[in-house]
Structures are given as structure tokens and as C-alpha cells.
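Just so it is clear: chains get the letters A, B, ... in the order the sequence lines come, proteins before strands, and each one is counted from 1.
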Amino acid sequence: MQPSNLPTFYSITESEIDLNDLLAKITLTSTGAAAIFTGMVRGVTTRGDAHETEYLEYESYIPMAEAKMKQVADEIREKWPVVEGVAIVQRIGKLYPKTPTVLIACTAAHRDTGVFDAARYGIDRLKEIVPVWKKEVGPSGEEWVEGDYIPKPGE
Amino acid sequence: MQPSNLPTFYSITESEIDLNDLLAKITLTSTGAAAIFTGMVRGVTTRGDAHETEYLEYESYIPMAEAKMKQVADEIREKWPVVEGVAIVQRIGKLYPKTPTVLIACTAAHRDTGVFDAARYGIDRLKEIVPVWKKEVGPSGEEWVEGDYIPKPGE
Amino acid sequence: MNHIKLLFFATIRDRAGVKSLEMDIPTDLTIQGLKDKLSADYPNLKQSMQSVLITINREYAFDEAVVPPNAEIGMFPPVSGG
Amino acid sequence: MNHIKLLFFATIRDRAGVKSLEMDIPTDLTIQGLKDKLSADYPNLKQSMQSVLITINREYAFDEAVVPPNAEIGMFPPVSGG
């Protein structure tokens with residue numbers, strides 16, 4: 001199969017994340033395994049600075065974010081050439097606890113080929129270089145969540 | 001949170017696997033991360049004995065299979081106490097290429113807690129001890145797919 | 001005698017030609033004894049009995065286990081789901 | 001002079017009080033020079049300029065880069081999506 005035929009789907013969206021639809025978008029007749037990561041809004045956080053969250057307000061530098069999602073997909077394929085389909089979606093706007101906010105999915109022929117590592121890499125990388133920010137609103141007011149990654153030249 | 005309140009969903013089903021619904025079933029206000037594995041029917045296999053598949057016919061020893069899925073969930077929780085929700089679903093019947101056939105999903109507060117490894121363990125374990133079999137039907141006839149794991153006493 | 005129910009799956013069912021069987025077996029018969037009895041009574045199953053997985057009441061069981069009264073015995077090849 | 005467009009996001013936008021600014025800057029101004037100019041012209045942004053991430057035409061850029069004509073410059077804190 002030519003790499004150019006392999007499905008890559010990436011999007012910043014204000015709509016619900018539809019896992020069934022996204023899985024179908026990256027399923028080929030050659031793919032037997034999908035590793036999918038989703039992040040959801042927590043209403044209660046106990047690790048570190050324990051707190052409650054009423055909602056998160058996400059924003060993005062959309063055209064750059066979509067370009068960086070494409071880059072993450074390219075990096076995944078370079079590191080795991082067995083990966084066939086890649087889907088990366090970030091939902092933005094006001095999102096309440098238990099709502100899926102982000103999805104990374106990778107498909108491959110078989111599950112023992114690195115497809116789990118590829119999805120793990122994808123979400124880690126998204127949180128480093130894709131320009132999306134979230135403000136947390138809770139009982140004690142609102143606060144921007146601070147990232148800590150400084151991109152290097154070429155990223 | 002008491003372990004008894006943690007959602008565990010497991011099922012042998014003839015219905016479509018609905019990822020959105022299953023994710024919602026194991027999402028709690030305390031969970032911010034889900035690792036999901038799905039297996040799909042391949043129409044074309046190139047690794048090993050290369051062949052084409054028209055469809056797979058799955059069958060199960062259903063009550064035992066559901067008990068063993070519960071056991072897999074218990075093993076996951078014992079190995080990764082951070083895992084909060086677990087869903088394990090195997091679809092049976094006649095399933096065509098690109099159809100999701102199996103799902104394992106684990107939720108946890110954060111993604112760096114072993115939740116990917118937990119899902120990976122879950123699918124590996126399902127393929128060892130949950131009594132489900134598939135017969136492959138293709139251009140050259142039909143053939144049972146052979147497993148190779150022999151359960152040990154206590155499994 | 002103990003009354004038991006046998007359930008066959010996948011290749012074992014294909015060879016047995018039936019999904020289930022009910023039978024009476026001697027008290028204290030082991031799984032190995034049951035396999036020997038099936039091999040003798042059902043020639044089609046003889047080859048399968050060498051690599052079959054066995055369950056007693058939905059738990060994996062092994063040759064030396066004694067079959068209890070009213071047992072539900074599963075017989076099948078290594079699993080291949082997913 | 002070069003015409004450029006600045007886009008502010010998250011904490012930087014809150015401090016700037018606007019989402020975007022258009023301005024003319026000297027040819028050959030570097031990112032460092034642009035940050036110095038913004039710190040001088042917009043006191044609210046002075047503190048932010050020390051840890052801000054900068055993009056030129058949607059690629060991460062660094063202090064020594066020269067701002068090209070008609071550049072779209074993004075300014076924001078480290079990302080925190082997911």
C-alpha cells in the first residue's frame with residue numbers, strides 16, 4: 001500500500017467526538033487492530049493540587065493546531081511505519097466533566113506492532129506542540145492550565 | 001472511592017460495538033484518560049500465511065466467557081490499581097472485514113499511570129483465556145483459527 | 001453414577017457432530033478417565049482428546065481432576081477470539 | 001517597514017486585552033527585537049514576553065529569527081491541550 005493512500009484525519013472541532021465514526025475513518029481492509037486514547041474532563045482531581053472542576057474552556061490557534069496535528073501524525077508514521085490510519089481530534093469550547101475532549105487513534109494490521117506506543121506517543125506529543133489551551137473554572141474561580149513544554153527549533 | 005463503586009462492563013454480544021456508549025459507561029468524574037483497544041476483521045492479511053478473508057464466524061461458550069472477562073477485569077485491577085473503569089466486549093456471529101469485533105477499555109485519572117499497559121494486558125489476556133473461537137471463510141474455503149495458549153491450573 | 005453434561009465448541013463440536021451430550025459416568029472418574037471414555041465411545045473425538053481444553057463448571061480443569069456430580073463439562077480447542 | 005499581524009492566545013491574550021494587532025515593524029527586526037518593542041509599547045505584556053512561545057507563519061520561532069514581511073506572528077504560553 002502506498003503511504004499516500006493511508007488515511008490521516010485531524011481536526012479541531014466544537015462538536016462531540018464520535019469514536020465510532022473516527023475508528024471507521026481509519027479502518028482499512030488491512031487493519032486488524034486499533035489503539036485509541038481519549039482524554040475526558042475530570043470533575044475531581046486528587047493528584048497534586050487536589051481540586052474540583054466545574055468546566056474547562058478550551059481554545060486553539062486553529063490553523064496552526066491542525067498543521068501540528070498533521071505533523072504529529074507524520075512523526076507517528078516515521079517512528080512506527082506499521083501504523084496505517086491515524087486520527088487526531090481536539091474538541092474546543094466549554095466542556096463539562098466526563099466529556100471526551102481529545103482523541104488519538106492509530107490502526108495497524110496487528111496489535112503487537114507498536115500501535116499502543118504510537119497512540120501514547122501521539123497524545124504526549126499533542127500536549128507538547130499542538131497550540132490548544134484550557135482554562136479551568138471551579139468553585140475557587142478560574143485559572144489557565146499551564147503547560148511546561150518549550151518547543152525546540154524545527155518543532 | 002470504594003472499588004465496589006468502580007464500573008466494570010463485560011459482555012458477549014451479537015450487536016454492534018458502540019465505542020461512545022462503552023466509553024461513557026466507564027467514565028467517572030474522577031477519570032481523565034481512557035486507553036481503548038479494538039480489534040477489527042481484516043479482509044487482507046499479509047503477515048505469515050498471507051490470505052484474504054470474506055468473513056469470520058465467531059462463537060463463544062457465553063456464560064464462561066463472561067465469567068472469564070470478569071476475571072480479566074479483576075486481574076487488570078490487581079496489576080494496575082489506578083484503573084477505575086474497565087469495559088470488555090466481544091462481538092460474535094458472522095463479521096465482515098472492517099467490523100470491530102472486540103473492545104477493551106480502561107479508564108484512569110491520568111494517562112501516565114499504566115492505563116495503556118492495562119488495555120494491552122486486557123486484550124492479550126482475553127485472547128488467552130476467554131472461550132471464543134473464530135472460523136475464517138475466504139476464497140480457499142473455511143478454516144478454524146487456532147489459538148495456542150494452554151491455560152494453567154487456577155486460570 | 002454421576003450425571004454430567006458435555007458442551008462441545010469449535011473444532012471439537014464439528015468432530016463430535018453435536019453441541020452437547022448428557023451422560024452418566026462412574027463416580028470418581030477423572031478428566032483423564034472421561035477423555036479415555038470419549039475416545040473409546042466416539043472414534044471421531046479420539047484425536048481431539050489429545051489437545052482439548054477442558055472445563056468443569058466453567059473453570060479450566062486438568063487430567064487429574066475428578067468430575068463432580070451434575071458437572072457442566074466444556075471441551076474445546078485453545079481459544080482464538082479477539 | 002514590514003507589515004505584520006500578531007495573534008494572542010490564552011494568558012497572553014488576557015493580558016493584551018485584544019485577540020490580534022496589526023503593526024508595521026522595521027525590516028530585519030528579530031523576534032527578540034519584536035518582544036522588546038512590545039514590552040516597551042504594552043507594559044501589560046512585559047512580564048509575558050519572558051516566557052512567551054512565538055510562532056512565525058504557524059511554525060515555532062526563536063529569538064534570533066528575523067520577522068519576514070506580512071508575517072502572522074502567534075504569541076502564547078506553553079500549550080495545555082488534551
Specify which of B:Pro97, B:Gly32, B:Ala119, B:Pro100 makes the most heavy-atom pairs with chain A at under 4.5 Å.
B:Gly32

So CZ of A:Arg120 and CZ of B:Arg120: to nearest 0.5 Å the spacing works out to 14.5 Å

Heavy-atom proximity to chain A below 4.5 Å, by part of B:Thr46:
neither

Quick check against the 3.5 Å criterion: does A:Arg42 have a side-chain atom that pairs as donor or acceptor with the backbone of B:Ala109?
yes

Look at atom CD of B:Glu16 and say whether more than 12 heavy atoms of other residues, nucleotides or ligands are closer to it than 6.0 Å.
no

Identify which part of A:Asp117 has an atom lying under 4.5 Å from any heavy atom of chain B, answering side chain, backbone, both or neither.
neither

Nearest heavy-atom approach of B:Thr113 to A:Arg47 is CG2-NH1, 4.1 Å

Would you name the heavy atoms of B:Thr27 and A:Lys98 that are closest together and state the gap between them?
O-CE, 3.1 Å

Less than 4.5 Å to any heavy atom of chain A: does that hold for the side chain of B:Asp112, its backbone, both, or neither?
both

In this structure, which one of A:Tyr121, A:Phe116, A:Phe37 forms a ring pair (Phe, Tyr, Trp, His ring centres under 6.0 Å) with B:Phe116?
A:Phe37

In terms of heavy-atom pairs under 4.5 Å with chain A, which of B:Ile17, B:Val41, B:Asp124 leads?
B:Asp124

Between chain B and each of A:Leu19, A:Asn20, A:Val44, count heavy-atom pairs under 4.5 Å; write down the option with the most.
A:Asn20

Of all heavy-atom pairs between A:Met40 and B:Thr107, which one has the smallest distance, and what is that distance?
CE-CG2, 3.9 Å

Looking at B:Glu143, I want to see if its CD is surrounded by more than 12 non-hydrogen atoms of other residues, nucleotides or ligands under 6.0 Å.
no

